[in-house]
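Since this is a predicted model, take the numbers as computed values, not measurements. For the numbers below, each heavy atom of this structure counts, side chains included, while hydrogens, waters and symmetry mates do not.
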Amino acid sequence: MSHIHISIIKDKLHNLITHPYLIKHIEYPAIDEDKLLLLYSILESIDISDEKKEQYILSTMLVQIALDTHDMVTNAKAGQLQDGDEKSRQLTVLAGDFYSGLYYRLLADVNDISMIKTLAHSIKQINEHKIAYYHKELEGIEPLMDSLGKIESSLIQSVSGFFSNSVLKELSGNFLLLKRLIQERKLFCHERSTFLFDTLRRIAFSKGEKDVASKEQETYMLYLIDRYIDHIKQRIEQLTHSVPTMNKLLETRIQELFYEIPFSSKKYAEEG
């Protein structure tokens with residue numbers, strides 16, 4: 001991707017998602033810069049035109065933004081959306097649809113049916129895992145982590161898979177799950193409750209125990225998460241040695257993410 005810079009792609013993405021009416025009435029959509037960086041890293045060594053690479057990155061990021069925007073409505077508590085009114089909810093849904101339409105148009109313009117199918121399959125998979133996750137259908141910690149990982153990384157992994165890049169596919173999945181677990185852990189330590197930890201409590205403890213949020217339960221749940229965090233970190237370290245040429249931006253970002261791992265996670269790992 002010698003002629004394309006990540007900052008230029010980001011500017012183009014901002015131009016695409018900036019709709020004057022929508023940004024006046026709803027929250028401006030967040031761009032996940034880590035997903036943008038992973039897509040950039042996946043595509044930079046692929047032997048296709050810079051224009052195609054740019055379209056694939058922009059299209060995938062638009063899908064991600066559309067999904068995140070719809071989630072703002074699905075997960076919003078009363079009053080969480082701007083003004084807490086129905087108009088704001090409707091406009092947020094509309095914005096999500098607008099971003100989806102942009103991704104489809106970008107790929108349809110170049111008649112890229114195979115990538116449209118790839119992303120559509122990924123959207124379906126993400127929605128299925130979200131239903132299982134948020135409707136408490138998951139039994140067992142492994143299925144819980146698997147669903148969370150799929151929700152976070154299915155889009156990026158589908159693009160990797162499209163180009164048969166299995167190492168970066170696995171690296172992306174582990175990176176994004178690690179990032180999510182670190183965020184969830186911080187949130188739990190701050191608020192004493194998150195959806196993930198509530199689900200973990202439901203799975204890990206029997207019915208009578210679940211009703212009592214004891215200090216021992218909290219410590220045990222943090223221990224479980226910390227073991228996962230350490231396991232994923234080790235896997236990422238192994239995978240980074242398998243990437244022939246990783247760009248410096250991604251290399252640096254992986255190290256930054258490792259620095260965000262709480263001290264107790266490292267301590268558990270040493271004791272474990």
Side-chain angles (χ1 to χ4, degrees), residues 6 30-42 64 68 71 75 126 129 133 138 140-157 160 166-205 213-243 245-272:
I6 201 162
I31 292 173
D32 190 321
E33 297 202 14
D34 286 325
K35 289 177 181 173
L36 181 58
L37 174 58
L38 287 165
L39 285 167
Y40 181 89
S41 305
I42 289 160
Q64 186 62 61
D68 293 344
D71 281 350
N75 301 336
I126 289 168
H129 281 282
Y133 179 69
L138 301 165
I141 295 167
E142 287 294 332
L144 176 67
M145 292 298 164
D146 181 59
S147 270
L148 200 59
K150 292 282 194 312
I151 290 165
E152 288 299 318
S153 65
S154 195
L155 268 181
I156 313 300
Q157 288 192 313
S160 255
S166 56
V167 178
L168 275 175
K169 180 179 179 179
E170 194 184 341
L171 180 66
S172 299
N174 280 285
F175 176 93
L176 292 169
L177 181 56
L178 177 62
K179 180 184 171 183
R180 175 69 181 263
L181 291 179
I182 292 169
Q183 287 170 343
E184 291 278 350
R185 194 191 189 285
K186 283 178 184 167
L187 191 62
F188 179 74
C189 290
H190 186 251
E191 297 187 3
R192 312 316 300 170
S193 175
T194 74
F195 190 88
L196 175 63
F197 276 84
D198 291 346
T199 307
L200 202 56
R201 179 180 275 121
R202 178 180 62 79
I203 291 168
F205 301 103
S214 68
K215 192 73 187 158
E216 289 79 9
Q217 284 183 7
E218 286 186 4
T219 304
Y220 180 66
M221 288 191 295
L222 285 169
Y223 169 76
L224 285 177
I225 292 291
D226 286 341
R227 292 307 292 259
Y228 260 95
I229 285 173
D230 182 63
H231 171 72
I232 298 165
K233 177 181 181 281
Q234 287 181 30
R235 186 62 190 138
I236 291 172
E237 286 171 333
Q238 290 167 357
L239 288 164
T240 51
H241 297 306
S242 311
V243 180
T245 51
M246 187 187 293
N247 71 57
K248 288 291 175 196
L249 283 173
L250 183 56
E251 222 172 79
T252 304
R253 182 62 190 110
I254 288 169
Q255 289 308 313
E256 284 174 359
L257 190 64
F258 286 172
Y259 284 126
E260 289 176 39
I261 295 173
F263 175 72
S264 58
S265 302
K266 296 166 187 163
K267 184 163 71 81
Y268 283 138
E270 286 159 14
E271 290 171 355

Is any side-chain heavy atom of [Y] closer than 4.5 Å to one of [X]?
X	Y	value
Glu184	Phe195	no
Leu181	Leu196	yes
Glu218	Arg201	yes
Leu144	Leu148	no
Val243	Leu250	no
Met246	Ile254	yes
Tyr228	Leu178	no
Leu171	Ser160	no

### For the student: nearest non-hydrogen atoms of Ile126 and Lys150, plus distance
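That would be CG1-O, 3.9 Å.
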### Query
Taking all atoms of both residues into account, what is the closest heavy-atom pair of Gly140 and Pro143, and its distance?
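Closest heavy-atom pair between Gly140 and Pro143: O-CD, 3.3 Å.
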### Query
Is there a side-chain contact (heavy atoms from CB on, under 4.5 Å) between Glu170 and Ile236 once you walk through the steps?
CA-CA 9 Å; Glu170 194 184 341; Ile236 291 172; over 6 Å; no
### Task
Please determine, by modelled atom types, if Glu251 and Asn247 share a side-chain donor-acceptor pair under 3.5 angstrom.
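Looking only at side-chain atoms, Asn247 and Glu251 do not form any donor-acceptor pair under 3.5 Å.
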### Message
Distance alone, cut at 3.5 Å: any donor-acceptor contact between the side chains of Gln157 and Ser172?
### Response
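Note: Gln157 and Ser172 side chains miss the donor-acceptor criterion.
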### Message
Lys179: which residues meet the salt bridge (Lys or Arg N to Asp or Glu O under 4.0 Å) condition with it, sequence neighbours left out?
### Response
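Only Asp32, Asp34 meet the salt bridge (Lys or Arg N to Asp or Glu O under 4.0 Å) criterion with Lys179.
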### Message
Can you confirm whether more than 12 heavy atoms, excluding those of Tyr220, are under 6.0 Å from its OH atom?
### Response
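No.
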### Message
Among Glu152, His129, Glu142, which residue satisfies the side-chain hydrogen bond (donor to acceptor under 3.5 Å, both in side chains) criterion with Ser147?
### Response
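Going through Glu152, His129, Glu142 one by one, the side-chain hydrogen bond (donor to acceptor under 3.5 Å, both in side chains) with Ser147 is satisfied by His129 alone.
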Got a second to check how far [X]'s [atom1] is from [Y]'s [atom2], nearest 0.5 Å?
X	Y	atom1	atom2	result
Leu224	Leu200	CG	CG	5.5 Å
Leu39	Leu168	CG	CG	10.5 Å
His231	Leu177	NE2	CG	9.5 Å
Ile42	Ile156	CD1	CD1	6.0 Å
Thr252	Leu257	OG1	CG	12.5 Å

### Query
Does Arg202 pair with Asp198 as a salt bridge, N-O distance under 4.0 Å?
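A salt bridge is absent here (no side-chain N lies under 4.0 Å from a carboxylate O).
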### Query
Can we say Arg180 and Glu260 salt-bridge, meaning some charged N sits less than 4.0 Å from an Asp/Glu carboxylate O?
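Here Arg180 does not pair with Glu260 in a salt bridge, since their nearest N and O are not under 4.0 Å apart.
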### Task
Name all residues meeting the ring-ring contact (aromatic ring centres under 6.0 Å, His included) criterion together with Phe175; count only those two or more places apart in sequence or in a different chain, and write none if there are none.
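Not a single residue meets the ring-ring contact (aromatic ring centres under 6.0 Å, His included) criterion with Phe175.
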